[in-house]
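Atoms considered below: every heavy atom in the structure, side chains included; atoms not considered: hydrogens, waters and symmetry mates.
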Amino acid sequence: MGTWLDNGVFYEIYPQSFNDTNNDGIGDIPGIIEKLDYIQELGCNALWLNPCFVSPFGDAGYDVADYCQVAPRYGTNDDLIRLCEACHERGMHVLLDLVPGHTSIEHPWFKESCKAAPNECTGRYVWNDNVWAPMEVKGISGVLRGISERNGAVGVNFFSFQPALNYGFAEITEPWQSAVDSPEALATRQAMKDVMAFWLERGVDGFRVDMAGSLVKNDPGQEATIALWQDMRAFLDEKYPEAVLISEWGEPDKTIRAGFHMDFLLQFGTSHYMDLFRRPEHSTAEPHPFFSREGKGDASEFVATYKRNLELTNGRGLMCIPSGNHDMERMRRYLDPDEMKMAFAFIMSMPGCPFVYYGDEIGMRHLDVTSVEGGYMRTGARSPMQWDDSANHGFSGAAADDLYIPEDPAADAPTVAAEMADEHSLWHEVQKLIALRQATPALGVTAGIEFVYCEKDAYPLVYLRTAGDERVLVALNPAGRPVEIPCAFEAKSVLYTLGDAPELAGGTLRMPPASAAFFAVK
């Protein structure tokens with residue numbers, strides 16, 4: 001693991017919505033530089049930037065048209081280099097979003113691949129050899145037909161304008177499919193290595209990798225994809241050994257083996273992350289998040305999955321736990337600011353690197369707004385950062401109608417200025433929790449964890465964090481009712497409380513409604 005990750009606390013920035021310095025209604029990289037002191041004051045020491053490359057923005061930049069050029073609306077490559085330098089001066093680090101699985105149809109590689117005459121990009125994407133033929137491929141979500149002089153259909157990974165790059169097929173079922181070690185598949189792999197090298201040479205510290213498990217097609221066990229990333233990691237270890245890779249995969253037993261430093265808890269898959277703060281993905285059932293004070297939630301499936309991942313990875317299954325991200329509804333849709341304090345007490349006391357999604361530290365709401373740049377439901381989590389109570393909440397000097405996404409119109413829309421002025425605010429609670437985490441080795445990234453109490457449909461959630469001789473018992477009771485459980489630990493001191501103070505004595509843990517405590521224990 002890169003040494004700086006050992007105390008990493010990330011802040012995810014959606015660049016177009018963070019801070020606009022040229023008054024065009026869209027956030028930019030100079031705007032991020034302008035707010036670095038704010039991020040550092042909160043306690044975060046690393047950034048993850050969503051894609052900031054040239055794009056037609058059909059999917060908000062995840063449809064890349066040039067991996068090596070910052071989109072003009074954000075600034076220049078020099079601006080991004082300045083951001084890296086400014087972060088490093090503050091002891092902070094920067095991860096870019098790497099989108100290796102697909103590009104935009106506007107990418108020069110794709111335009112070349114559409115030509116009938118063979119060229120160096122003919123095999124860069126997943127094309128079949130007959131425009132009329134179906135494409136039944138594991139890992140392909142659809143096809144584009146009739147768009148080129150080339151006789152064939154091209155597979156897409158997500159939206160129809162995101163053609164899948166060709167990293168080969170683990171199981172070949174058609175003559176047009178490439179082997180994983182074919183010249184065309186290896187050329188795609190090399191092209192992505194070149195992209196990583198380009199930005200690492202310019203000061204970037206690593207990458208969060210989008211859809212990391214999707215590259216090799218017809219790969220049911222994903223062993224070929226794991227081998228591909230092992231090769232990518234070997235390349236980085238030789239040239240850029242400090243480069244960090246964090247995956248959007250959701251299966252740490254695969255990603256740690258593949259060479260990633262950490263994996264993400266995701267809004268999809270089987271982690272049961274959504275049970276904690278929201279409701280399960282695509283569920284129409286009444287939401288009962290575990291961290292709601294209604295006390296009808298369940299953390300047991302999450303804990304069971306987390307423990308299984310630890311076992312599968314021999315304790316190395318480091319899962320980054322985000323407060324949210326650009327692809328899911330904001331936590332505030334399901335939890336109020338006081339409930340969010342409890343959620344952050346959990347996030348900041350778990351292993352792996354925690355991630356704060358911009359605006360979650362002030363309790364920004366999820367908005368019901370019209371889709372922008374392919375966001376659809378996700379658009380409501382991507383609204384501009386609310387800095388103060390000036391025009392456009394201080395985000396931009398543009399006319400309100402020119403903002404990238406409309407802002408929260410409520411009179412009580414939370415702002416950074418108001419939150420920082422209120423010593424009892426969510427912002428100050430997050431700051432306090434980050435500081436405690438950084439000062440307490442047993443709450444750190446690689447410290448051990450043992451779940452002490454987590455029963456189905458029950459409260460509280462209790463777990464022990466350990467580093468050397470230091471042991472911290474974390475007890476969380478989000479429910480709006482008191483709870484009491486047998487607990488054999490003996491408290492030496494209380495490091496943190498939220499709500500009325502819990503009591504750990506005489507073999508019993510007594511927790512008032514909506515309370516939390518971190519105990520230093522013997």
Should the heavy atoms of other residues, nucleotides or ligands under 6.0 Å from CD of E120 be counted, would the total exceed 12?
-> no

For the backbone of [Y] and the side chain of [X], can you confirm whether one donor and one acceptor N or O come within less than 3.5 Å of each other?
X    : Y    : value
N218 : K138 : yes
S425 : E419 : yes
D97  : N50  : no
N77  : C68  : yes
T379 : V372 : yes
D20  : N22  : yes
E373 : D59  : no

Using 30° and 60° as the class limits, which term best fits the ring planes of F264 and W48: parallel, tilted or perpendicular?
-> tilted

When the side chains of residues 362-370 are checked against the rest of the protein, which donor-acceptor pairs come out under 3.5 Å, sequence neighbours left out?
{"unit_1": "R365", "atom_1": "NH1", "unit_2": "D408", "atom_2": "OD2", "d": "3.1"}
{"unit_1": "R365", "atom_1": "NH1", "unit_2": "D412", "atom_2": "OD1", "d": "3.4"}
{"unit_1": "R365", "atom_1": "NH2", "unit_2": "D412", "atom_2": "OD1", "d": "3.0"}
{"unit_1": "R365", "atom_1": "NH2", "unit_2": "D412", "atom_2": "OD2", "d": "3.0"}
{"unit_1": "H366", "atom_1": "ND1", "unit_2": "R330", "atom_2": "N", "d": "3.1"}
{"unit_1": "H366", "atom_1": "NE2", "unit_2": "M377", "atom_2": "O", "d": "3.2"}
{"unit_1": "D368", "atom_1": "OD1", "unit_2": "R333", "atom_2": "NH2", "d": "2.6"}
{"unit_1": "D368", "atom_1": "OD2", "unit_2": "R333", "atom_2": "NH2", "d": "3.3"}

Looking just at side-chain N and O atoms, do [X] and [Y] make a donor-acceptor pair shorter than 3.5 Å?
X    : Y    : result
Y404 : R382 : no
N166 : T188 : no
Y38  : E361 : yes
Y358 : H326 : no
D253 : T313 : no
D63  : S104 : no

Quick check: do [X] and [Y] have side-chain heavy atoms less than 4.5 Å from each other?
X    : Y    : result
V445 : P351 : no
F277 : F290 : no
M350 : Y306 : yes
W199 : D205 : no
W4   : V244 : yes

Between R82 and D78, is there a side-chain N and carboxylate O pair less than 4.0 Å apart?
-> no

Short N-O contact, E223 and R257, less than 4.0 angstrom = yes

Is the ring centre of W387 less than 6.0 Å from the ring centre of F395?
-> no

Determine the minimum heavy-atom distance between P100 and V209, stating which atoms define it.
-> CG-CG1, 3.7 Å

